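As structure tokens, the structure follows; a few thoughts come after it.
Please read these numbers as outputs of a predicted model, since none were measured by experiment.
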2 protein chains.
Amino acid sequence: MSDEDLPQNGTRRRAATIADVAEAAGVAIGTVSRFLNGREIRRGNREQIEAAIEKLSYRRNAVAAAMKTDKTHMIGLLIPTFDEFHSDMVEHLARLLRTSGRALVIYCHSHDARVINDALDFFDAQRVDALIMDGVAEVRARLEQMTADGVPIVFYNNDIPGIAADRVMVENSSASYRAVSHLLDLRHERVAIIAGAQYDSSGRQRLEGYEAALHDRGIPIDPAYVVEGTWRPDSGYDAARQLMQLDKPPTAVFVSNYGMTIGVLEWMRDNGLRVPDDLSLVSFDDVALFRLREPAITAISQPIAAIAESIATLIVSRLDPGKSRPLRSVVLKCDVILRGSTRRWSPAD
Amino acid sequence: MSDEDLPQNGTRRRAATIADVAEAAGVAIGTVSRFLNGREIRRGNREQIEAAIEKLSYRRNAVAAAMKTDKTHMIGLLIPTFDEFHSDMVEHLARLLRTSGRALVIYCHSHDARVINDALDFFDAQRVDALIMDGVAEVRARLEQMTADGVPIVFYNNDIPGIAADRVMVENSSASYRAVSHLLDLRHERVAIIAGAQYDSSGRQRLEGYEAALHDRGIPIDPAYVVEGTWRPDSGYDAARQLMQLDKPPTAVFVSNYGMTIGVLEWMRDNGLRVPDDLSLVSFDDVALFRLREPAITAISQPIAAIAESIATLIVSRLDPGKSRPLRSVVLKCDVILRGSTRRWSPAD
DNA sequence: TTGTACGCGTTATCAC
DNA sequence: GTGATAACGCGTACAA
């Protein structure tokens with residue numbers, strides 16, 4: 001506990017400006033500006049200016065520059081929550097955007113429509129150079145307005161069709177198809193799905209993959225084996241109970257995301273059941289917890305680094321004043337990583 | 001893949017300004033400004049202004065406002081990495097700051113000194129209202145400059161003594177003391193520590209707690225049982241090997257953070273050893289993985305929500321133009337959560 | 001190349 | 001309360 005006081009509450013002392021530097025260096029303001037923006041300047045002047053900057057401890061005022069150029073070098077990022085997927089993605093994104101001199105302004109909306117609107121207001125007012133977000137359909141009109149105003153948008157994870165934005169998605173449907181097919185290869189006949197929220201395109205696509213895999217083997221979809229969750233652990237927990245208490249419980253389950261899988265594992269543990277002995281399990285999303293668990297969980301791994309890289313590339317190229325380009329939709333491949341949470345099923349069980 | 005084009009590259013169409021609104025509403029600019037800032041205004045004018053704003057779809061320009069007021073409503077956050085601790089903290093922080101109309105600008109430095117300097121430059125130029133960071137001693141001079149310029153700083157996790165900043169820390173030493181004492185209560189005689197990086201104050205304090213616990217029982221510190229890691233999983237992995245290959249390996253270990261514990265668990269698994277049968281283990285930091293594992297890991301839980309809350313409170317009060325207050329240092333309590341990763345030791349083992 | 005002067009959109013300060 | 005106007009710090013067009 002210290003008792004010294006800060007100068008004043010957030011009040012900065014008058015900082016040196018470009019004009020002060022110019023005066024101290026004995027050159028014109030324009031010359032200093034040219035120097036700051038890395039353009040050619042006479043050698044002697046440069047030394048004078050560098051000395052003046054040092055002496056006055058001049059710091060560039062990006063706010064004033066932004067007012068002129070209408071470029072803030074800030075990228076708005078709107079995410080639902082800081083789960084493992086997003087943490088990982090944000091870390092990559094921040095690193096990649098940094099190299100082009102930009103930083104992320106992050107808003108976390110927790111699926112609250114009011115917060116989403118607040119975030120958009122904030123980004124709008126702050127004049128962020130671009131916006132990255134998980135497609136959330138409720139704000140279609142706002143987003144159309146923003147693109148019309150010339151703010152580039154990149155959707156990831158979930159799509160809102162019809163909006164003029166770049167997109168980075170993963171092959172939700174076909175990866176899910178492969179994961180479910182793996183369970184069918186193991187002779188499972190009662191394969192359930194815990195689906196994600198169906199208002200999200202990723203939730204719908206993962207369910208489609210499940211349905212297609214069953215369909216291609218001529219297995220009818222049993223509605224009792226299709227449970228819709230909310231992506232969150234508690235809904236996985238509830239879904240597990242609902243499924244396992246059926247007269248004929250499934251022998252295998254495909255869980256549409258990491259969070260709900262946590263819930264399933266918790267329910268199994270709480271009820272003395274084991275994976276894969278009592279239930280084979282495959283999860284969308286691969287996280288550290290799945291790898292370390294014994295037996296480890298078979299999972300679909302999203303290429304998070306590549307997702308971040310694609311987003312960053314799209315943003316940077318879109319913001320390049322040199323060239324204009326059509327909208328792009330990137331779809332990235334996922335890996336199904338086979339581990340120990342599934343086993344072959346036989347009618348004897 | 002769509003082929004429609006965006007209007008232009010990041011070029012905004014001329015947006016309506018406060019002056020346009022004033023003209024359309026038939027009032028003065030000042031009146032509109034008063035209205036926008038929620039102050040009293042004549043009823044008839046208000047209706048005119050609201051109509052004009054709607055008609056012109058006027059959006060406030062926070063950049064211009066920031067230039068006048070020198071307040072950007074952005075808080076710079078500099079973190080080393082997006083691990084579970086930081087993800088959780090950032091989510092809380094973002095939520096708390098949002099209620100005061102502020103957002104976080106995040107930079108992730110990966111312990112790279114150059115990046116840390118870049119981040120400080122960026123925050124400096126962008127005129128963030130305040131700065132939150134893990135104390136990193138290398139940039140002491142820069143930070144002194146910033147506080148002198150009136151930018152409030154809050155340190156968390158690690159301290160840099162002598163800088164005029166607010167601080168939010170946890171009781172690293174005494175929590176570690178209690179955790180190690182727990183191992184000693186279980187009769188362990190060879191208790192090791194995998195310490196964190198000793199240039200971090202938290203790393204030093206956790207080691208101090210370990211030493212004090214041993215000292216208070218009259219147990220001498222055996223240097224062979226003290227291994228310094230880098231906080232990261234690979235160093236935990238290496239440390240586990242180093243310790244377990246001693247002639248007299250420890251029977252219990254206190255690991256100074258979550259990341260290194262992951263490494264230890266991996267080494268144990270890779271070498272067919274089990275926790276707690278072959279090694280009792282207590283970890284600093286409590287994460288989902290530890291709770292779900294079987295047996296679950298005994299761990300020290302940091303009060304992440306309270307940390308975020310303290311930081312937000314300090315920031316908001318420091319930025320309140322009304323009052324000035326002395327610097328504050330908050331130290332928060334941790335919980336030692338007993339689970340299944342330790343067992344009683346007897347000489348027979 | 002250099003110097004000057006203006007504009008960016010807002011807030012603050014005056015008289016009224 | 002309201003209206004007119006001067007800043008805020010930078011980029012840039014223009015004339016030199």
N or O in side chain of [X] less than 4.0 angstrom from [N] OP1/OP2:
{"X": "A:S33", "N": "D:dC10", "answer": "no"}
{"X": "A:R60", "N": "D:dG11", "answer": "yes"}
{"X": "B:N45", "N": "D:dG1", "answer": "no"}
{"X": "B:N61", "N": "C:dC8", "answer": "no"}

Closest nucleotide among [options] to the [X] side chain:
{"X": "A:A64", "options": "C:dT4, D:dC10, D:dT5", "value": "D:dC10"}
{"X": "A:M67", "options": "D:dG11, C:dT11, C:dC8", "value": "C:dC8"}
{"X": "B:T31", "options": "D:dG9, C:dT10, D:dG3", "value": "D:dG3"}
{"X": "A:A65", "options": "D:dG11, C:dT11, C:dG3", "value": "D:dG11"}
{"X": "A:R39", "options": "D:dC10, D:dT12, D:dG3", "value": "D:dT12"}
{"X": "B:T69", "options": "C:dA12, D:dG9, D:dG1", "value": "C:dA12"}
{"X": "A:T17", "options": "D:dT2, D:dC10, C:dT10", "value": "D:dC10"}

Any base atoms under 4.0 Å from [X], or only sugar-phosphate, or nothing? Heavy atoms, all strands.
{"X": "B:Y58", "answer": "sugar-phosphate"}
{"X": "B:I29", "answer": "base"}
{"X": "B:V63", "answer": "nothing"}

Can you measure [X] atom [atom1] to [N] atom [atom2] for me and round it to whole angstrom units?
{"X": "A:K71", "N": "C:dC8", "atom1": "NZ", "atom2": "C1'", "result": "14 Å"}
{"X": "A:R46", "N": "C:dT1", "atom1": "CZ", "atom2": "P", "result": "11 Å"}
{"X": "A:F35", "N": "C:dG3", "atom1": "CZ", "atom2": "P", "result": "16 Å"}
{"X": "A:I18", "N": "C:dT4", "atom1": "CD1", "atom2": "P", "result": "14 Å"}
{"X": "B:Q126", "N": "D:dC10", "atom1": "CD", "atom2": "C1'", "result": "14 Å"}
{"X": "A:E23", "N": "D:dG9", "atom1": "CD", "atom2": "C1'", "result": "15 Å"}
{"X": "B:R42", "N": "D:dG1", "atom1": "CZ", "atom2": "C1'", "result": "6 Å"}
{"X": "A:L36", "N": "D:dC10", "atom1": "CG", "atom2": "P", "result": "8 Å"}

Are B:F82 and A:H92 an aromatic pair by the rule of ring centers under 6.0 Å?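 Centroid distance B:F82-A:H92: not below 6.0 Å, so no.
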More than 12 heavy atoms of other residues, nucleotides or ligands under 6.0 Å from CZ of B:R39: yes or no?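 Buried by this count: over 12 neighbours within 6.0 Å.
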Heavy atoms from other residues, nucleotides or ligands near CD of A:E144 exceed 12 (cutoff 6.0 Å):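 For A:E144, atom CD is crowded (more than 12 foreign heavy atoms under 6.0 Å).
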May I ask you to verify whether the side chain of B:K68 and the base of C:dA12 hold a donor-acceptor pair under 3.5 Å? no
Considering non-hydrogen atoms only, spot the tightest contact between A:S57 and B:Q145 and give its length.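 In terms of heavy atoms, the two residues are closest at OG-NE2, 3.9 Å.
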Give every donor-acceptor pair under 3.5 Å between a side-chain atom in residues 101-109 of chain A and any protein atom, sequence neighbours left out.
unit_1	atom_1	unit_2	atom_2	d
A:R102	NE	A:S100	OG	3.2
A:H109	ND1	A:H111	N	2.7

Starting at the 5' end of DNA chain D and moving along, which residue's nearest nucleotide shows up first, B:E40 or A:R34? B:E40
Between B:T81 and A:E91, is the side chain to side chain donor-acceptor pair (under 3.5 Å) condition met? List the steps. CA-CA 7 Å; B:T81 171; A:E91 177 159 349; 3.1 Å; yes
